[in-house]
Amino acid sequence: MRLQRARGHAVRAHFYVDDTGRQTAIAAFGYQLLGEPVPSEKPDHWIGKVYTVSSAIVEVLSAKEKLQSTPEGEDAAKLRSNIDEWMSVLSEQARLSPDLTDALSKAMAGIETPQESISRLISEYEEGRPLAKRAIRKMVDYCLSGFKETLGRAGIHIDSFDYESDLLWDDSVGALLDSLEGSKYVAHDGRAMIFDVDAAANDFGLKEILGVQKSHVLPRLVLTRRDGTTLYVTRDLAYSLKKLDRADRVLNVIGTPQTLAQLQLKVVLYALGYKKVLEQIHVPYEQVELPTGSMSGRRGHYVAFDSILDEAKSRAKPEVAKRNPEMSAEVTSELAEKISVAAVRFALVGVGASKKILFTWDRVLDFEANSGPYALYTFSRANSILQKSGKVADSIEPDFGALKLPDEHRLAVLCARLPENVAFAADTFRPEVLSEYVMRLCDVFNSYYGKAPVLGAPTAELKDARLVLVRMVHVTLRSAFSMLGVPVPQRM
RNA sequence: GGGCCCGUGGCCUAGUAUGGAUAGGGCGGCGGCCUGCGGAGCCGCAAGUCGAGGGUUCAAAUCCCUCCGGGCCCGCCA
């Protein structure tokens, strides 16, 4: 987003709050049973636990219930292993947060059919019933307040949080369904509405435009269930219309598993006459994996972003203190925070989005391998040279002819290439292009001032010219950092 | 079965859009550099059949084909 802005676009960041799904309802169900309390810790973390525990209990209870009406055999064995699996999730949670697990277990023990209660909660929420609405929104907003805090910490600002439920309540989904009703690509099966994506794509010649082989048959898209209720994609279609209405161009930053769904969505909207949907671009990224497998909130297998920042910070602190013994604890902590944000942002942004990232603490916390601290270090060295010169580099009228070293030439050229790198990175949605550029500039600069003294240059002309060069690097790095969302320290 | 993505020294990664010279970096390993702007740094060394095989070309990590390995998707889930 910062990159697009730097490119000259007017950008608004929207965060889609998927609050109508089963996940949310499970968490909200648990939340209701607990009496809708104020979270006792960082709200998003706490609600995450409520979700994991609730979900596990529900899984166990319903598997047990099913087991009673299942004859011995393969099915029963499967149910048993299911129970075992969720019991182990539960005992893990009991170890981590005994009070919460205990409270939820007690509260749910009396519920005969939790799955049904949850389904009821979902439909009540979708209909906008006050009780369901109050409970779920309350919980969701607690959760979002936690998100906002964390995102703010990492320097990420969201302009608007868009609730999926609003699309149902303000009837944008209903309007969409009405407009689909007349389409010749729509077929019905009971109250279910099914869209023939392949036929539409062929008729409008979209396969070629969207980069799909003609022989590849696109799967149909179910827009409403047999009972008439809507699905995630249906809401997403309505949401896309809203977005397209408000912007010239829409960038959907969504994981790579959504690729097909994004394609289908485009075909449906195009067939409805919204040709502008081709200006909606899917910017995919691969998910971060844990060594133990994919992250799973349901199973309580995840690493919270906060804990990454926290760990990085606690790792940075002693390093900062070692180098700056005179610094107050407060300033040390502030600096450590900046360094950890830089480290984490560089780590995430520095790898192409098509590469899967395997998360290990080892790698995230390795400040030697991590380019963030290195880049900040380089910047603060440049800064320090400028400070010590006692001059305002911008007011010097240097004789650039004095600069004869190859590295000096390279630095000047490299700095001049910031704009083209920004343009390329922004246009291809690849921030790593910019972080690669920053690293290259840092490498050359570090090597340069290692062998060419600036303040101790042999002649005054050379010193001035070098100072201006250092200033160029300084300014260039600062711009690049701001586009990458990396905070800049004056020293470190 | 079909579609998409990834495969570059022990590990991570750039380069693939627009084919060009000894395939850049980093981590780890080894060896140097603090009487000169802060050593989160600098200098050097070892380590590569660019997944494999064909093809196009004067020239292929890059383009085409086939295959192998890994991942994702093809739900009236979200």
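Just so you know, these numbers come straight off a predicted model, no measurement behind them. Keep in mind that the numbers below use all heavy atoms, side chains included, and drop hydrogens, waters and symmetry copies.
Of the candidate nucleotides B:C37, B:C74, B:C42, B:C42 has the atom nearest to the side chain of A:Ser447. Side-chain proximity of A:Gln213 to B:G3, B:A14, B:C37: nearest is B:G3. Considering only the side chain of A:Lys355, B:A14 comes nearest among B:C76, B:G3, B:A14. The side chain of A:Leu260 lies closest to B:C73 when the candidates are B:G38, B:C73, B:C6.
Contacts of A:Gly352 with the nucleic acid, taken as non-hydrogen atoms under 4.0 Å apart, involve only primed sugar atoms and P, OP1 or OP2. In this structure, A:Val320 reaches the bases: a heavy-atom distance under 4.0 Å links it to at least one base atom across the strands shown. Residue A:Leu455 is classed as a base contact, given a heavy-atom separation below 4.0 Å to a base. Here A:Arg298 lies out of heavy-atom contact (under 4.0 Å) with every strand. Base engagement by A:Phe424 is indicated by at least one non-hydrogen atom pair under 4.0 Å involving a base atom. Residue A:Ala457 is out of contact with every strand shown, counting any heavy-atom pair closer than 4.0 Å. A:Ser384 comes within 4.0 angstrom of a nucleotide base, judged by non-hydrogen atoms across all strands. Across all strands, A:Ile339 comes closer than 4.0 Å to base atoms (heavy-atom distances). Residue contacts for A:Gly21: at a heavy-atom cut-off of 4.0 Å it reaches the sugar-phosphate backbone alone, with no base atom in range. Note on A:Pro219: only backbone sugar-phosphate atoms sit closer than 4.0 angstrom, heavy atoms only; bases stay farther off.
For a distance-only test at 3.5 Å, the side chain of A:Ser215 fails to qualify as a donor-acceptor partner of the base of B:G2. With hydrogens and angles ignored, no donor-acceptor pair under 3.5 angstrom links the side chain of A:Asp227 to the base of B:C76.
With both pairing distances under 3.5 Å, B:A23 is matched to nothing as a Watson-Crick or G-U wobble pair. Pairing for B:C4 is with B:G71, a Watson-Crick or G-U wobble pair whose two hydrogen-bonding atom distances lie under 3.5 Å. Pairing for B:C42 goes to B:G32, judged as Watson-Crick or G-U wobble with the two contacts each under 3.5 Å. Shown here, B:A59 forms no base pair; nothing in the strands shown gives a Watson-Crick or G-U wobble contact with both key distances under 3.5 Å. As the counterpart of B:U66, B:A52 is assigned, both hydrogen-bonding distances of the Watson-Crick or G-U wobble pattern falling under 3.5 Å.
Donor-acceptor pairing under 3.5 Å is lacking for the side chains of A:Asp18 and A:Tyr163. Using modelled atom types, one finds no donor on one side chain facing an acceptor on the other under 3.5 Å when comparing A:Asn446 with A:Tyr377. Side-chain atoms of A:Arg478 and A:Asn383 form no donor-acceptor pair, as typed in the model, at a separation below 3.5 Å. For the residue pair A:Arg299/A:Ser55, the side-chain donor-acceptor check at 3.5 Å is not satisfied. One side chain, A:Tyr125 or A:Arg137, offers a donor N or O that lies under 3.5 Å from an acceptor on the other. No side-chain N or O of A:Ser240 forms a donor-acceptor pair with one of A:Lys266 less than 3.5 Å apart. Between A:Asp19 and A:Thr24, the side chains place no donor N or O within less than 3.5 Å of an acceptor N or O (distance only, hydrogens not considered). Donor-acceptor pairing under 3.5 Å is lacking for the side chains of A:Tyr239 and A:Glu164.
The side chain of A:Arg225 contributes no N or O atom lying less than 4.0 Å from OP1 or OP2 of B:G75. A sub-4.0 Å separation between OP1 or OP2 of B:A14 and a side-chain N or O of A:Arg440 is absent. Considering only side-chain N and O atoms, A:Lys451 lies nowhere under 4.0 angstrom from the phosphate OP1 or OP2 of B:C33. OP1 or OP2 of B:G39 has not a single side-chain nitrogen or oxygen of A:Tyr374 nearer than 4.0 Å. The phosphate of B:C76 has neither OP1 nor OP2 within less than 4.0 Å of any side-chain N or O from A:Thr224.
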Q: For each nucleotide in nucleotides 60-72 of chain B, reading 5' to 3', give B when a protein heavy atom comes within less than 4.0 Å of its base, S when such contact involves only the sugar-phosphate, and - otherwise.
A: ----------BSS
(Q) Return a single string for nucleotides 21-28 of chain B, one symbol per nucleotide in 5' to 3' order, where B is base contact, S is sugar-phosphate-only contact and - is none, cutoff 4.0 angstrom on heavy atoms. (A) ----SSS-
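Taking 4.5 Å as the limit, some side-chain heavy atom of A:Thr259 sits within range of a side-chain heavy atom of A:His282. A:Glu432 has its side chain out of reach of A:Val351: every pair of non-hydrogen atoms, C-beta onward, lies at least 4.5 Å apart. No side-chain heavy atom of A:Ile122 sits under 4.5 Å from any side-chain heavy atom of A:Thr20.
Rounded to an integer number of Å, the gap from CG of A:Leu263 to P of B:G3 is 14 Å. Atom CG of A:Leu237 and atom P of B:A78 are 14 Å apart (whole Å). Remark: C1' of B:C74 and CD of A:Gln262 are 16 Å apart, rounded to the nearest angstrom. In this structure, OH of A:Tyr232 is placed 15 Å from P of B:C77, rounded to the nearest angstrom. Taking atom CD1 of A:Ile357 as the reference point, atom P of B:C6 lies 15 Å away to the nearest angstrom. Distance A:Asn446 CG to B:G41 P: 8 Å, rounded to the nearest Å. The separation between A:Tyr377 atom OH and B:C37 atom P is 12 Å, rounded to whole Å. Here B:G39 presents its P atom at 17 Å from CG of A:Leu376, a figure rounded to the nearest Å.
Within the structure, side-chain hydrogen bond (donor to acceptor under 3.5 Å, both in side chains) pairs that include any residue of residues 338-350 of chain A do not occur (at least two apart or interchain). Among residues at least two apart or in separate chains, salt bridge (charged side-chain N to carboxylate O under 4.0 Å, His left out) pairs with a member in residues 441-459 of chain A are A:Asp407-A:Lys451.
A side-chain donor-acceptor contact under 3.5 Å links A:Asn421 to the backbone of A:Arg417.
Straight-line distance between the P atoms of B:A23 and B:U62: roughly 14 Å, to the nearest whole Å. Using C1' as the reference atom, B:A61 and B:G53 are 16 Å apart when rounded to the nearest Å. Comparing B:C42 with B:G3, their P atoms sit 48 Å apart, to the nearest whole Å. Between B:C50 and B:C11, the two P atoms lie 15 Å apart (nearest whole Å).
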Review item, side-chain donor-acceptor pairs of residues 354-363 of chain A, under 3.5 Å, at least two apart:
| from | atom 1 | to | atom 2 | distance (Å) |
| --- | --- | --- | --- | --- |
| A:Thr360 | OG1 | A:Arg363 | N | 3.4 |
| A:Arg363 | NH1 | A:Leu358 | O | 3.4 |

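Under the 90° criterion around 0 for the glycosidic angle, B:C34 counts as syn.
The residue among A:Val454 and A:Gly211 whose nearest nucleotide of RNA chain B lies closer to the 5′ end is A:Gly211.
Contacts of residues 483-492 of chain A with RNA chain B (heavy atom under 4.0 Å): A:Arg491, A:Met492.
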Q: Run the numbers on A:Arg191 and A:Asp227 for salt bridge (charged side-chain N to carboxylate O under 4.0 Å, His left out), then give the verdict.
A: CA-CA 6 Å; A:Arg191 290 179 69 194; A:Asp227 64 5; over 6 Å; no
